[in-house]
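Got a structure for you, questions after.
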Protein chains: 2
Amino acid sequence: MAKIDLVRRAEIGREKRARTRAQILEAGALLLAERPPEALTVDAVVEAAGVAKGTFYYHFLSISELAAAVGVMLGESFDEMLTPAKLELSDPVARLVFMSRQFLQKAISDQVWARLVVQSSQSPTEFGRGIREHLKADLAEAIAQGRMVVKDVDLAADIVIGMLLQIMRGIIERGAPRDLIREALDAVLRALGAAETGFDGLDDVLDGQPGEGATP
Amino acid sequence: MAKIDLVRRAEIGREKRARTRAQILEAGALLLAERPPEALTVDAVVEAAGVAKGTFYYHFLSISELAAAVGVMLGESFDEMLTPAKLELSDPVARLVFMSRQFLQKAISDQVWARLVVQSSQSPTEFGRGIREHLKADLAEAIAQGRMVVKDVDLAADIVIGMLLQIMRGIIERGAPRDLIREALDAVLRALGAAETGFDGLDDVLDGQPGEGATP
DNA sequence: TTTCATGTTGACTGTATAGTCGATCCGACG
DNA sequence: CGTCGGATCGACTATACAGTCAACATGAAA
């Protein structure tokens, strides 16, 4: 019995498999942007993805697993979006502002993404918790440096998350008037009581200019 | 054919009818506190309410009508809660603070109510729009008086609503630490840029003391 | 006691959805 | 070009749910 190269075999379908899975994932994301996971049916997903029902179950165990996968996808888009901040900005308040700015800009340029974020913020997913922890780390650092009036990290996180999420809802429903982002960022800093304790480069971050060390 | 007193007849069952309807309504509110209306089934409602399925359809046309009725109920609880502010407080910022304070206090003392409010805030119901308009009226007055740094009424409303809702979520998930309400109210005022432009009695309202005119 | 409007019941029908499974397709490899 | 394993398909069963309806319960009035 000639042993066939199983490893090779395993690779064969991988591209097709990945493509189909991506189709289902994208369709799921699109649908989850406009309804909660509890209201999402397998039939709706497979129709939107253009695949057969069995194919869905070949890739996912259930709708909730699909929802989790979409959550992971969202989380990755966040990491991708926030990585530059981690690398370039050493100041926690600057990182906070940068993050908030990226957040709102993405919401303005990608409505589906915005809706998806808003929907995902309801049921506490793994993704949501990750964002929150990331945010809390920055806030704790800022508090430790005596940069903020708000001392309770959880309260500070709720303030930031609540403002950004609701402003995102506003963007979805009513669009983004001129200077919205700048005014929103100012309001976030004021709410935390971090407005007057900035560092030199903060205005650049607020305006979306290249930050510290980027200008030779 | 002796005309029977139809008006009287109509009154006969009213008490029973009202009681049953209230049962269904309460069960619906309880269930809608923990899942979105799209995920609520008639069977679940009638089981929770302890009535037969036909009874549900005798009182309501559909789940969405029940959800609307629950929304109206919530709206009434708001009116009830906010009426004293309208009457006693002439200052728009004081009314804003009073409203926010009542809001958070109620959330702390009534978890089901809090969950229901959070859930209802997702799908824009009639109730949600009413609250927003009410809030925007106060904010517009405050802006007109030059009391706030934030000039965009919609942005201001999103800031307040976002903060309060997310803080409510925090209360639901992690409880309310000491001084949470006071710190939250301070943060709201700072966010709007209304912290330094207060009037004399504002501290009383912030602390939940009887407001202006109540001390003879 | 009888009558009758109002309200309640739960069995019933039809439909939508979940989840399964053997048939089929596809493409690499010998 | 035939074989074979991984991927896809869609018909099928079982179940959950929506919505209906004829029968029954209740209690005030005659």
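Lettering follows sequence order; numbering is per chain, from 1.
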Find the distance between CG (A:Leu155) and CD (B:Gln166) and round it off to the nearest 0.5 Å.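 If I round to the nearest 0.5 Å, the distance is 10.5 Å.
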Is A:Tyr58 near enough to D:dA7 that one of its side-chain N or O atoms lies under 4.0 angstrom from OP1 or OP2? yes
Check A:Lys136 with A:Asp158, please: is the shortest side-chain N to carboxylate O separation under 4.0 Å?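 Salt bridge between A:Asp158 and A:Lys136, a charged N being under 4.0 Å from a carboxylate O: no.
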Which heavy atom of B:Ile159 sits nearest a heavy atom of A:Ala187, and at what distance?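 Closest heavy-atom pair between B:Ile159 and A:Ala187: CD1-CB, 3.6 Å.
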Return a table of donor-acceptor pairs under 3.5 angstrom between the side chains of residues 68-77 of chain B and protein atoms on other chains or two or more places apart.
| unit_1 | atom_1 | unit_2 | atom_2 | d |
| --- | --- | --- | --- | --- |
| B:Ser77 | OG | B:Leu74 | O | 2.7 |
| B:Ser77 | OG | B:Trp113 | NE1 | 3.2 |

Between C:dT8 (P) and B:Arg19 (CZ): distance, integer Å: 9 Å
N/O donor-acceptor pair under 3.5 Å between B:Arg115 side chain and B:Glu34 backbone: no
Within this structure, what is the CZ-to-C1' distance between A:Phe56 and C:dG19, rounded to whole angstrom?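 It works out to 11 Å between those atoms.
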Side-chain heavy atoms of A:Pro36 within contact of A:Gln122, under 4.5 Å: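 Not in contact.
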With the threshold set at 4.0 Å, does a side-chain nitrogen-carboxylate oxygen contact exist between B:Glu141 and B:Arg95?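 Result for this pair is yes, salt bridge flagged.
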To the nearest angstrom, how far is B:Asp43 atom CG from C:dA11 atom C1'? 13 Å
Side-chain contact, heavy-atom cut-off 4.5 Å: A:Val93 with A:Phe98? no
What does the list of N/O pairs under 3.5 Å between the protein and nucleotides 19-24 of chain D look like, with a distance for each?
| unit_1 | atom_1 | unit_2 | atom_2 | d |
| --- | --- | --- | --- | --- |
| D:dG19 | OP2 | B:Tyr57 | OH | 3.4 |
| D:dG19 | O6 | B:Lys53 | NZ | 3.4 |

Picking from D:dA18, D:dC9, C:dT9, the nucleotide nearest the side-chain atoms of A:Ala52 would be D:dC9
Under 4.0 Å from OP1 or OP2 of D:dT8: is there any side-chain N or O of A:His59 that close? yes
Can you measure A:Glu38 atom CD to C:dA16 atom P for me and round it to whole angstrom units?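 Going from CD in A:Glu38 over to P in C:dA16 covers 22 Å.
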Run the salt-bridge test on B:Asp186 and B:Arg182 with the 4.0 Å N-O cut-off and return the result as yes or no. yes
Show me, range against range, the stems involving DNA chain C, built from at least 3 consecutive Watson-Crick or G-U pairs below 3.5 Å.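 Correct response: C:1-30 with D:1-30.
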Rounded to the nearest Å, what distance is computed from the CD atom of residue A:Glu47 to the P atom of nucleotide C:dT17? 10 Å
